[in-house]
Amino acid sequence: MTPDDIRSAIADFPDPETGRPIGSTDQIKSISCDSGIQVQVGLTSHSAALKEEVVEQLASRIVSRFAGQSPAIEIVEHDRPPARLGQIGLRVKSVIAVGSGKGGVGKSTVATSLAQCLQRFGSKVGLMDADVYGPSVPHLLGLSGRPEVDENKRIIPIKKGPMPVMSMGFLVEPDQAVIWRGPMLHSSVTQFLRDTDWGLLDYLIIDMPPGTGDVALTLSQILPLSGAVIVCTPQEVALLDAVKAIAMFGKVHIPILGMVENMSGFQCPDCNKHYDIFGKGGARDKAEELQTPFLGGVPINIPLRIAGDQGKLAECLDDDAIRAPMDQVARAVVRALAAKNAAAPATPQLPTL
């Protein structure tokens with residue numbers, strides 16, 4: 001058994017970000033067989049959520065080829081800056097829209113939590129609140145202030161830790177309503193994407209307005225989205241609207257990454273009894289019916305609700321138990337992107353001038 005034998009066993013393993021074999025992308029950094037099998041593999045921060053799974057899968061490949069061996073797999077950072085995306089030249093690898101067929105299903109909470117969880121895994125994440133009429137992301141994160149404009153006329157987003165955040169909530173007073181027709185909506189969403197200094201991102205999470213409308217059409221015209229995540233609650237009336245949201249994204253050629261069942265049961269803190277307040281498993285059944293991935297369920301959590309009302313959602317997610325369901329959703333989203341990339345590996349993209 002030589003390092004070349006080990007290399008041949010893992011060389012065709014698909015890189016989760018691109019779908020290309022890691023042997024062809026210089027991601028097998030080193031292999032040693034001197035004192036047991038030691039392999040060093042590079043992953044980009046885009047794939048940070050899947051580090052543990054990649055280690056297990058690589059080890060399984062080696063063990064199946066060389067019985068009796070116990071390989072040590074080390075994951076190191078593999079630098080691959082994002083190319084410019086779409087006609088606006090956004091420097092981001094994956095743009096994910098989080099939508100719903102109706103309001104009141106916790107879409108903004110899921111979108112914000114998804115962004116926070118991906119960042120905690122080690123990815124570079126931005127969060128854009130495209131719900132122009134009812135922006136709630138600033139409140140959930142306890143952010144305020146008005147974004148400044150630099151000498152290059154770029155909007156400097158408000159940050160939550162290292163995460164840049166942009167929302168109409170920063171530009172209008174809390175008690176003021178935005179009353180716009182479609183063209184103004186199109187203009188504002190385009191400006192948020194094109195003129196904001198997002199930096200170099202692995203993920204841009206976009207909190208969509210509820211229902212079906214102009215924003216999805218605008219995004220499909222100016223930016224190639226990696227996919228959409230549909231948030232719904234278990235009861236049938238919410239699922240009916242979620243199906244409409246899926247149809248809308250299909251019509252504008254935005255792929256569906258999967259469905260998330262929010263408010264999926266409640267564990268009583270006093271008696272520890274489980275209650276299915278809005279029903280059970282509706283989103284999972286509907287996802288199976290529509291042949292759409294089910295990304296996971298997020299139960300009703302009182303501390304999380306209180307933290308969102310107080311603008312401390314990010315701080316509440318420091319609690320491992322509270323964060324666990326959303327961590328599973330975040331991993332499922334990255335896994336869905338990896339499967340999509342493996343099925344149709346990304347092709348080189350010409351730079352935007």
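- One hydrophobic cluster holds both Leu171 and Met128 under the rule that ILVMFWY side chains link at heavy-atom gaps under 4.5 Å.
- Between Asp129 and Met168, every side-chain heavy-atom pair lies at or beyond the 4.5 Å cut-off.
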Pairs of donor and acceptor atoms involving the side chains of residues 300-311, under 3.5 Å and at least two apart or interchain, shall be tabulated with distances.
{"from": "Asn301", "atom 1": "OD1", "to": "Leu304", "atom 2": "N", "distance (Å)": "2.9"}
{"from": "Arg305", "atom 1": "NH1", "to": "Asp309", "atom 2": "OD2", "distance (Å)": "2.9"}

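- Atoms OG and CD1, from Ser70 and Ile62 in turn, are 10.0 Å apart once rounded to the nearest 0.5 Å.
- The environment of CZ in Arg323 is crowded: more than 12 heavy-atom neighbours from other residues, nucleotides or ligands sit within 6.0 Å.
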Report the C-alpha separation of Thr44 and Asp202 in whole Å, then their side-chain angles, then the decisive distance to 0.1 Å, and conclude whether the side-chain contact (heavy atoms from CB on, under 4.5 Å) test is met.
CA-CA 9 Å; Thr44 62; Asp202 293 311; 5.5 Å; no
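- Without hydrogens or angle criteria, Ser264 side chain to Pro299 main chain gives no donor-acceptor distance under 3.5 Å.
- To the nearest 0.5 angstrom, Leu43 atom CG is 8.0 Å from Ile22 atom CD1.
- Hydrophobic clustering (side-chain heavy atoms under 4.5 Å, transitive across Ile, Leu, Val, Met, Phe, Trp, Tyr) groups Leu85 together with Leu225.
- Here the side chains of Leu118 and Val334 are in contact, with some heavy-atom distance below 4.5 Å.
- Closest approach of Lys93 to Pro82, counting heavy atoms only: CG-CB, 3.6 Å.
- In this structure Ser64 satisfies the side-chain hydrogen bond (donor to acceptor under 3.5 Å, both in side chains) test with no other residue, sequence neighbours excluded.
- The two residues Cys232 and Leu239 make their nearest non-hydrogen contact at SG-CD2, 3.5 Å.
- Interatomic distance, Ile246 CD1 to Ile230 CD1, rounded to the nearest 0.5 Å: 5.5 Å.
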Give the C-alpha distance, both sets of side-chain angles, the deciding distance and a yes or no for side-chain contact (heavy atoms from CB on, under 4.5 Å) between Asp318 and Arg120.
CA-CA 9 Å; Asp318 288 336; Arg120 286 173 179 275; 2.3 Å; yes
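- Residues forming a side-chain hydrogen bond (donor to acceptor under 3.5 Å, both in side chains) with Ser108 (at least two apart in sequence, or on another chain): Ser136, Asp207.
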Ignoring hydrogens and angles, write down the donor-acceptor pairs under 3.5 Å from the side chains of residues 153-164, residues two or more places apart or on other chains.
{"from": "Arg154", "atom 1": "NH1", "to": "Arg194", "atom 2": "O", "distance (Å)": "2.7"}
{"from": "Arg154", "atom 1": "NH2", "to": "Thr196", "atom 2": "O", "distance (Å)": "3.1"}
{"from": "Lys160", "atom 1": "NZ", "to": "Leu141", "atom 2": "O", "distance (Å)": "3.2"}
{"from": "Lys160", "atom 1": "NZ", "to": "Glu315", "atom 2": "OE2", "distance (Å)": "2.9"}

Which atom pairs, one a donor and one an acceptor, fall under 3.5 Å between side chains of residues 71-78 and the rest of the protein, sequence neighbours left out?
{"from": "Glu74", "atom 1": "OE1", "to": "Gln40", "atom 2": "NE2", "distance (Å)": "3.2"}
{"from": "His78", "atom 1": "ND1", "to": "Lys29", "atom 2": "NZ", "distance (Å)": "2.9"}

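- The two residues Met208 and Leu219 make their nearest non-hydrogen contact at SD-CD1, 3.4 Å.
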Please table the atom pairs, donor to acceptor, closer than 3.5 Å between any side-chain atom in residues 50-57 and protein atoms at least two apart or in another chain.
{"from": "Glu53", "atom 1": "OE1", "to": "Arg335", "atom 2": "NE", "distance (Å)": "3.2"}
{"from": "Glu53", "atom 1": "OE2", "to": "Arg335", "atom 2": "NE", "distance (Å)": "3.4"}
{"from": "Glu53", "atom 1": "OE2", "to": "Arg335", "atom 2": "NH2", "distance (Å)": "2.6"}

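- Nearest heavy atoms, Ile28 versus Ala11: CD1-CA, 4.0 Å.
- A 4.5 Å side-chain heavy-atom check between Pro16 and Asn341 finds every atom pair outside the cut-off.
- Taking the side chain as every heavy atom from C-beta outward, Glu261 and Asp285 never approach each other to under 4.5 Å.
- Sorted by first then second residue, the ring-ring contact (aromatic ring centres under 6.0 Å, His included) pairs that include residues 25-63, not counting sequence neighbours, are His46-Tyr203.
- In the hydrophobic clustering of this structure, Leu140 does not group with Met263; members are Ile, Leu, Val, Met, Phe, Trp, Tyr whose side-chain heavy atoms approach within less than 4.5 Å, directly or through other members.
- Legend: residues meeting salt bridge (charged side-chain N to carboxylate O under 4.0 Å, His left out) with Arg80, ordered by chain and number and at least two apart, are Asp15, Glu17.
- Side-chain atoms of Asn262 come within 3.5 Å of backbone N or O of Val105 as a donor-acceptor pair.
- The shortest side-chain heavy-atom distance between Leu201 and Arg91 does not fall under the 4.5 Å cut-off.
- Side-chain heavy atoms closer than 4.5 Å link hydrophobic residues (I, L, V, M, F, W, Y) into clusters, and following such links, even through other members, never connects Phe278 to Val243.
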Identify all side-chain donor-acceptor contacts of residues 247-258 below 3.5 Å with residues at least two apart in sequence or on another chain.
none

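- When every heavy atom of Ala49 is checked against every heavy atom of Phe121, the shortest pair comes out as CB-CD1, 3.5 Å.
- Residues passing the salt bridge (charged side-chain N to carboxylate O under 4.0 Å, His left out) test with Asp276: none are found, sequence neighbours excluded.
- Qualifying side-chain hydrogen bond (donor to acceptor under 3.5 Å, both in side chains) partners for Asp5, counting only residues two or more places apart in sequence or in other chains: Thr2.
- The hydrophobic clustering, which links ILVMFWY residues whose side-chain heavy atoms are closer than 4.5 Å, places Val63 and Val39 apart.
- Looking at Ser123, its side chain does come within 3.5 Å of a backbone N or O of Ser45 through a donor-acceptor pair.
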Leu204/Trp198 under side-chain contact (heavy atoms from CB on, under 4.5 Å): CA gap, chis, key distance, verdict
CA-CA 9 Å; Leu204 178 61; Trp198 292 106; 3.9 Å; yes
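- Expressed to the nearest 0.5 Å, how far CE of Met326 lies from OG1 of Thr112 amounts to 9.5 Å.
- Contact annotation: the side chain of Leu193 approaches that of Leu90 to within less than 4.5 Å [non-hydrogen atoms, C-beta and beyond].
- Not a single salt bridge (charged side-chain N to carboxylate O under 4.0 Å, His left out) links Asp26 to another residue, sequence neighbours left out.
- Scanning both residues, Ala130 and Pro209, for their nearest heavy atoms gives O-CG, 3.4 Å.
- At least one donor-acceptor pair closer than 3.5 Å links the side chain of Gln267 to the backbone N or O of Asn272.
- Rounding to the nearest 0.5 Å places NE2 of His139 at 11.5 Å from OG of Ser144.
- For the pair Gln116 and Leu313, the minimum side-chain heavy-atom distance is 4.5 Å or more.
- Atom SG in Cys117 sits 5.5 Å away from atom CG in Leu317 (nearest 0.5 Å).
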